[in-house]
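Notes for the one structure printed next.
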2 protein chains.
Amino acid sequence: MAPYTDQQAGEQGVTLADRVFTRLRNAIVEGEIPAGSKISEPELATEYGISRGPLRDAMGRLEACHLVERRANVGARVVSLSQEDLLELYILREALEGMAARLAAERITEKELEHLRRLLKQHEQRGELQEGIAYFQKEGDLDFHFRIVQASGNQRLVQLLCNDLYHLMRMYRYQFGMASARALIAFREHGHIVEAIADRDPEMAELIMRRHIRSSRVNVEMLFDAQDSLTRRSDPDLSEAG
Amino acid sequence: MAPYTDQQAGEQGVTLADRVFTRLRNAIVEGEIPAGSKISEPELATEYGISRGPLRDAMGRLEACHLVERRANVGARVVSLSQEDLLELYILREALEGMAARLAAERITEKELEHLRRLLKQHEQRGELQEGIAYFQKEGDLDFHFRIVQASGNQRLVQLLCNDLYHLMRMYRYQFGMASARALIAFREHGHIVEAIADRDPEMAELIMRRHIRSSRVNVEMLFDAQDSLTRRSDPDLSEAG
DNA sequence: TCGGATCCGATTGTTAACAATATCAGGTTA
DNA sequence: TAACCTGATATTGTTAACAATCGGATCCGA
């Protein structure tokens with residue numbers, strides 16, 4: 001099971017709200033509940049076979065994760081992901097994961113290091129890289145980043161990145177499909193990051209990690225720009241006021 | 001009113017849970033409800049004159065802010081702040097606010113810049129710095145950092161720092177007092193940060209901001225170490241197994 | 001025909017009662 | 001005496017009904 005699905009994932013959560021929260025989160029992240037769609041409390045409640053109480057609780061947590069947006073007396077909608085927000089997210093990751101890499105270089109254990117190396121080897125052997133598509137879509141990339149963050153030893157960093165932001169990133173990947181020729185490059189950069197961490201070189205680890213994430217962002221930015229100019233050419237309505 | 005108390009603060013929130021959430025948050029942050037104390041739902045509900053529904057909603061949001069910790073079927077306690085956690089928080093701030101300063105240097109407006117300068121002048125004239133105590137305790141420091149983050153233009157950064165982390169920082173200040181001879185030094189560093197931002201020098205802005213926050217952390221770290229060695233000397237029980 | 005007020009329906013927010021779980025006291029047994 | 005089991009109590013989790021608010025359709029007037 002992917003490491004970012006947290007401990008209570010296996011439907012084994014203690015409380016109804018817990019379980020429904022996890023299920024709803026997956027449903028939203030994987031697009032089963034479409035982005036931007038309105039959420040009806042009674043509807044969902046009957047669908048999941050619970051009453052509105054725990055459902056509202058779960059909704060509150062989803063709101064805290066920024067997966068749904070609520071307005072009082074109006075209702076909740078699944079968040080609709082914007083390109084700008086994704087770019088903002090990359091900025092955050094650059095800062096946070098850069099720091100995580102720095103910390104990891106300072107205090108990673110040999111065991112964790114071995115784990116990282118094995119993960120990279122798995123990615124390599126799986127032969128997904130040549131095809132280019134799979135590395136991002138199957139979340140091997142996120143797995144790697146996740147482990148670095150964990151190795152930082154900063155619980156708050158782990159908490160923040162793994163409980164909130166990563167689910168959002170996953171959602172973006174499901175929505176936008178993020179296949180890219182960068183897969184192979186990204187994989188190589190992962191190797192460099194592990195090297196720097198293994199060398200116990202915090203400055204270098206942070207530098208490479210930041211550059212790595214920044215490159216991903218620029219890549220996505222270019223993709224968006226290309227898409228935009230395409231749609232603008234084929235849909236003249238969108239270029240000026242509709 | 002301090003800028004980090006958000007828009008719905010004036011008891012004017014739309015829903016009961018909103019208002020109770022804000023009131024509870026203040027009560028916790030300012031120590032009115034002591035850190036580490038257990039929270040009884042029926043008790044608080046009657047105290048605030050509402051029923052347990054909206055109260056539980058508010059508790060959920062407090063949990064999302066990391067101001068309370070809940071365990072299923074057991075209950076909620078106000079978070080008890082540890083020294084380690086505060087240091088972790090500083091690490092996070094170093095990364096995030098460093099990035100915020102960088103972004104601010106890139107895209108701050110003249111108006112915001114003027115705001116910043118005026119804020120510093122106010123702090124200077126208020127004569128609090130000489131006494132050393134007030135700058136941190138009265139949250140002039142946090143006000144400054146808050147504005148930088150807002151000037152970054154990254155909504156997610158703003159969100160994260162201003163809705164969650166800053167309330168925690170406030171709580172630490174109320175709890176630990178944080179008076180320090182660093183007040184004057186910190187004030188000067190704020191000046192340097194504004195200069196770098198005004199020069200539109202992102203690298204420098206990030207560098208100084210990170211060094212600034214790092215210095216605060218180191219300062220706190222030393223305070224803690226001093227306290228620890230003191231208590232350990234006077235309370236021999238604590239040095240080894242109780 | 002267009003703009004605005006009004007009513008209706010549906011949805012959300014809130015409440016109070018019910019069920020399930022954990023804590024703690026007391027008793028029992030080795 | 002100490003460990004364990006057992007039951008009472010209080011707290012939390014859950015439910016279903018009630019109240020308040022919003023959005024949209026309809027009707028009216030200019």
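Proteins come first, then strands; the chains are lettered A, B, ... in the order of their sequence lines, and each starts at number 1.
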Nucleotide [N], atom [atom2] - distance to [atom1] of [X] in whole Å:
X: Arg19(A); N: dG13(D); atom1: CZ; atom2: P; answer: 13 Å
X: Glu63(B); N: dG13(D); atom1: CD; atom2: C1'; answer: 14 Å
X: Arg70(A); N: dT12(C); atom1: CZ; atom2: P; answer: 9 Å
X: Met59(B); N: dT14(D); atom1: CE; atom2: P; answer: 15 Å
X: Arg77(A); N: dT12(C); atom1: CZ; atom2: C1'; answer: 15 Å
X: Phe21(A); N: dG13(D); atom1: CZ; atom2: P; answer: 16 Å
X: Ile50(B); N: dA19(D); atom1: CD1; atom2: P; answer: 19 Å
X: Arg61(A); N: dG13(D); atom1: CZ; atom2: C1'; answer: 11 Å

Checklist entry - side chain to side chain donor-acceptor pair (under 3.5 Å) with Arg214(B): which residues, sequence neighbours excluded? => result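 Checked Arg214(B) against side chain to side chain donor-acceptor pair (under 3.5 Å); zero matches.
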Checklist entry - Going by an N to O cut-off under 4.0 Å, is there a salt bridge joining Arg173(B) and Glu30(B)? => result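 No, no charged N to carboxylate O under 4.0 Å.
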Checklist entry - Are Glu41(B) and Arg56(B) close enough for a salt bridge, meaning some N to O gap below 4.0 Å? => result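 Salt bridge present between Glu41(B) and Arg56(B).
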Listed nucleotide nearest any side-chain atom of [X], set [options]:
X: Thr15(B); options: dT14(C), dG13(D), dT15(C); result: dT14(C)
X: Lys38(B); options: dT11(D), dT14(C), dT15(D); result: dT11(D)
X: Glu41(B); options: dG13(D), dG13(C), dT15(D); result: dG13(D)

Checklist entry - Hey, does Ile39(A) reach any base, or is it just sugar-phosphate, or nothing, if we go heavy atoms under 4.0 Å? => result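 Sugar-phosphate contact only - Ile39(A) comes under 4.0 Å of backbone atoms but never of a base.
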Next on the checklist: How would you summarise protein contacts on nucleotides 16-22 of chain C per nucleotide, using B for base, S for sugar-phosphate only and - for none, with heavy-atom distances below 4.0 Å?
Outcome noted: -----SS
Item to check | Test salt bridge (Lys or Arg N to Asp or Glu O under 4.0 Å) applied to Arg217(B) and Glu94(B), step by step | outcome: CA-CA 9 Å; Arg217(B) 192 193 75 214; Glu94(B) 183 180 328; 3.6 Å; yes
Checklist entry - Going by atom types only, do Asp141(A) and His190(A) share a side-chain donor-acceptor pair under 3.5 Å? => result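 The criterion, which ignores hydrogens and geometry beyond distance, is satisfied for His190(A) and Asp141(A).
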Next on the checklist: Less than 4.5 Å apart, side chain to side chain, heavy atoms only: is that true for Phe146(B) and Leu161(B)?
Outcome noted: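 No, side chains not in contact.
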Item to check | Minimum side-chain heavy-atom gap Asp18(A)-Arg61(A) below 4.5 Å | outcome: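 Counting from C-beta outward, Asp18(A) and Arg61(A) do come under 4.5 Å.
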Next on the checklist: Taking the nucleotide of DNA chain D with the nearest heavy atom to each, does Asp57(A) or Glu43(B) sit closer to the 5' end?
Outcome noted: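 The residue mapped nearer the 5' terminus is Glu43(B).
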